[in-house]
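Working notes, structure below.
Heads up: numbering here begins at 1 and tracks the sequence. Note that the structure is a prediction, hence the values are computed from the model and not measured.
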Amino acid sequence: MKPIVLFILFTSLCRAQSPCREVIGYYAGWQWYDRNHLMSPQTVPYQKYSVLTYAFMQPQANGTILISDPWGDKNQLLGPINWSVAPAGYDTQYDFGNPAYHLPGQKLSDYAHQSGCKLLASIGGWTYSANFPTIAASPSYRAAFAHDCNTMVLTYGLDGIDIDWEYPSTLTEKQNYTLLLQQVRDSLDAIANLVNRPLQLSIATGASPTHMMYVDWLNVIPLLDRVNLMSYDFYGTWSPITNHNAPLFPVASGAQSGFSCAEAVTNLLNQGVPPSIINMGVAWYGRSQLTSGNPGLQVPGTGMADMIHFGADDGTPLYYNIVNVLNQFDYHWDTVSRVPYLTGISSNSFVSFDDETSIEQKAQYINAQQLRGAIIWEISGDFIESTTVPGTLAATPLLDKLNATFCSGSVGVEEVQDFQFTVFPQPAKDILNVRWNDNVEYPEEIIIWNMFGEKVIQRSAEKPTVDCSGLPGGMYLLQLNAKGERRVKKFIKE
């Protein structure tokens, strides 16, 4: 019997009652080349984003900053090059560029600001983070870095800077990171009057507990407008068994501690970071992995990606490329982690990804946690090209679902009914009774989750009663595990 999934929306507020949460889209400049510039300054639906963050700029060891693609970055951040005035070789130089050499009114910030969308530039990323320790350790290099941040703001019409250091990893780097952020914060504040608007500073932070350890949150928080949590890439080809790229809640077994979106958010909150500046990461891409036998969740992997179906993305498929091959795979939904996955028997391929259903549940979780919003890596992933007018943008389904859920203010609770079991009384006081039908002869485990994704009770199902007297009042999910089957029901504790 196929499970029936019911979403219960226990809070629903109109836009006027509950302002929509922020949507921060990372704009990966190199994607401009794909699909005949389907993603470009002229085509982005700016009204669907609060902030766009252009990625990435290259920090040099002496603190100066370079762009990463002289042709693409200059054409997008400053507008089309005007070759009637630009000097020869201008498109090969890694300086920030000169607005006088570009056609006016067509830079990325021009289009963004017309729709009320802000634009930041992100410095670093996985590829360009190696020089951060050297820069952060030197007062003169920190000053040079902050100076170039200001120059970028003025040159490109930015609204701020995003620092993506992946990752501070020592106590010394932890201290120096704070000094670097302080220098950038002070420099941005110094030119705010010049540009006649407040300038923002955000950081992208790793989602694992280890990465969070090397940020001095107490002293960093006052410097920041946003903390962008990179809650994805939890599992992939580097993992010995197949698992989800970005599970909302921990997988039922074989999970690494802290490796889920909800756990990462909880860990960040426990560091003292206020929810009002946290943006949870959502991925517009998936991860593929070939298995050594029949594909599935939590089976041995080969360490190799599926290059047959997803060679265009080096085995890490963008959402639109996953949609194009859905008919070649079997679709599955993980009722515990709240994300889908695909299996391809003929190719021994496992694909973890997010779809509209999982994005809705992640948005509901963000609403429930009262976070600032979400960051998207990266926006071109759900740019669906028109089949009737090639080269034009037809839809952004994941983005639309994210916005719709944010603007409704809804908080979702998933209730799954397949093998039958009941929980009573409703609401519960001190004791909760669990009763299952004859199809579940040997239940093995009972787990109770709160609505923040935290596991508050876990024990064997030997006894059909649960002492919940220690739980505060509110909504909970009870998960019953039996012979590899997992089912979830909601209950209310008085």
Side-chain angles (χ1 to χ4, degrees), residues 3 5 206-209 229-267 280-291 294-306 309-310 313 315-319 321-323 326 329-344 348-366 374-377 381-382 398 402 412 414 416 447 449 453-455 477 479 481 484-486 488:
V5 180
S208 77
L229 179 63
M230 295 184 284
S231 45
Y232 31 70
D233 292 341
F234 288 113
Y235 302 96
T237 53
W238 57 88
S239 307
I241 60 173
T242 58
N243 223 321
H244 300 299
N245 175 47
L248 176 53
F249 295 123
V251 294
S253 62
Q256 189 168 343
S257 179
F259 275 41
S260 72
C261 298
E263 289 174 291
V265 168
T266 298
N267 289 339
M280 191 180 90
V282 291
W284 276 195
Y285 69 94
R287 289 204 172 267
S288 69
Q289 189 170 2
L290 298 181
T291 60
N294 287 337
L297 182 62
Q298 297 176 334
V299 302
T302 64
M304 295 184 293
D306 181 349
H309 294 97
F310 307 116
D313 294 322
T316 305
L318 293 170
Y319 178 71
N321 278 328
I322 296 174
V323 170
L326 279 176
F329 290 85
D330 291 325
Y331 178 97
H332 309 269
W333 176 259
D334 187 330
T335 60
V336 176
S337 295
R338 316 271 187 97
V339 285
Y341 62 95
L342 306 175
T343 56
N348 283 359
S349 182
F350 169 88
V351 185
S352 170
F353 71 111
D354 274 281
D355 62 6
E356 292 178 60
T357 301
S358 62
I359 291 302
E360 179 179 40
Q361 296 211 7
K362 288 181 176 181
Q364 290 170 345
Y365 173 81
I366 291 169
I375 62 165
I376 298 165
W377 183 265
D382 87 325
L398 301 184
L402 185 67
E414 179 184 292
V416 179
I447 300 174
W449 307 84
E454 299 167 328
K455 191 183 298 182
L477 298 175
Q479 174 186 328
N481 296 342
E485 296 291 323
R486 306 186 291 273
V488 179

Check against side-chain contact (heavy atoms from CB on, under 4.5 Å), Leu342 and Ile322: CA-CA 10 Å; Leu342 306 175; Ile322 296 174; 3.9 Å; yes
Pair Phe353-Ser358, side-chain contact (heavy atoms from CB on, under 4.5 Å): steps then yes or no: CA-CA 9 Å; Phe353 71 111; Ser358 62; over 6 Å; no
Working for side-chain contact (heavy atoms from CB on, under 4.5 Å), residues Val299 and Asn294: CA-CA 8 Å; Val299 302; Asn294 287 337; over 6 Å; no
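Once rounded to the nearest 0.5 Å, the distance linking CG of Leu318 with CH2 of Trp284 reads 12.0 Å. The structure places CG of Asn321 at 4.5 Å from CG of Asp313, a figure rounded to the nearest 0.5 Å. Between His309 atom NE2 and Ser288 atom OG the span is 10.0 Å, to the nearest 0.5 Å. Distance check: Tyr341 OH to Gln289 CD gives 13.5 Å after rounding to the nearest 0.5 Å. Annotation: the span from Leu248 atom CG to Ser337 atom OG amounts to 8.0 Å, rounded to 0.5 Å. Separation of atoms CG (Leu297) and OG (Ser352) is listed at 8.5 Å; rounding is to 0.5 Å.
Side chains of Asn245 and Tyr285 form a contact here, defined as non-hydrogen atoms less than 4.5 Å apart. Put simply, the side chain of Leu398 reaches to within 4.5 Å of the side chain of Glu356, judged on heavy atoms. At least one side-chain heavy atom of Val339 sits under 4.5 Å from a side-chain heavy atom of Asp354. Looking at heavy atoms from C-beta onward, Ile359 lies in side-chain contact with Val282 at the 4.5 angstrom threshold.
Asp233 pairs by the salt bridge (charged side-chain N to carboxylate O under 4.0 Å, His left out) definition with Arg287, not counting sequence neighbours. For Ser208, the side chain to side chain donor-acceptor pair (under 3.5 Å) test picks out His211, with sequence neighbours left out.
The aromatic rings of Tyr365 and Phe249 lie perpendicular to each other, with more than 60° between the two planes, well past the 30° mark. By the 30° and 60° cut-offs, the orientation of the rings of Phe259 relative to Phe234 is tilted.
Minimum heavy-atom separation, Val351 to Pro317: CG1-CG, 4.5 Å. Between Ile366 and Ala374, the shortest heavy-atom contact is CD1-CB, 3.8 Å. In terms of heavy-atom proximity, Pro209 sits nearest to Asn267 at CG-ND2, 3.7 Å. When all heavy atoms are compared, the tightest approach of Ala363 to Leu402 is CB-CD1, 3.9 Å.
Side-chain N or O atoms of Thr291 include none that pairs as donor or acceptor with a backbone N or O of Gly301 at under 3.5 Å. Judged purely by atom type and a 3.5 angstrom limit, Ser231 has no side-chain atom pairing as donor or acceptor with the backbone of Ala207. In terms of modelled atom types and a separation under 3.5 Å, the side chain of Thr237 and the main chain of Met304 share no donor-acceptor contact. A side-chain donor-acceptor contact under 3.5 Å links Thr302 to the backbone of Leu290. Remark: the backbone N or O of Pro247 is not paired with any side-chain donor or acceptor of Tyr235 at under 3.5 angstrom.
Between the side chains of Asp306 and Ser349, a donor-acceptor pair is found at a separation under 3.5 Å. A donor atom on one side chain and an acceptor atom on the other are found under 3.5 Å apart for Asp355 and Tyr331.
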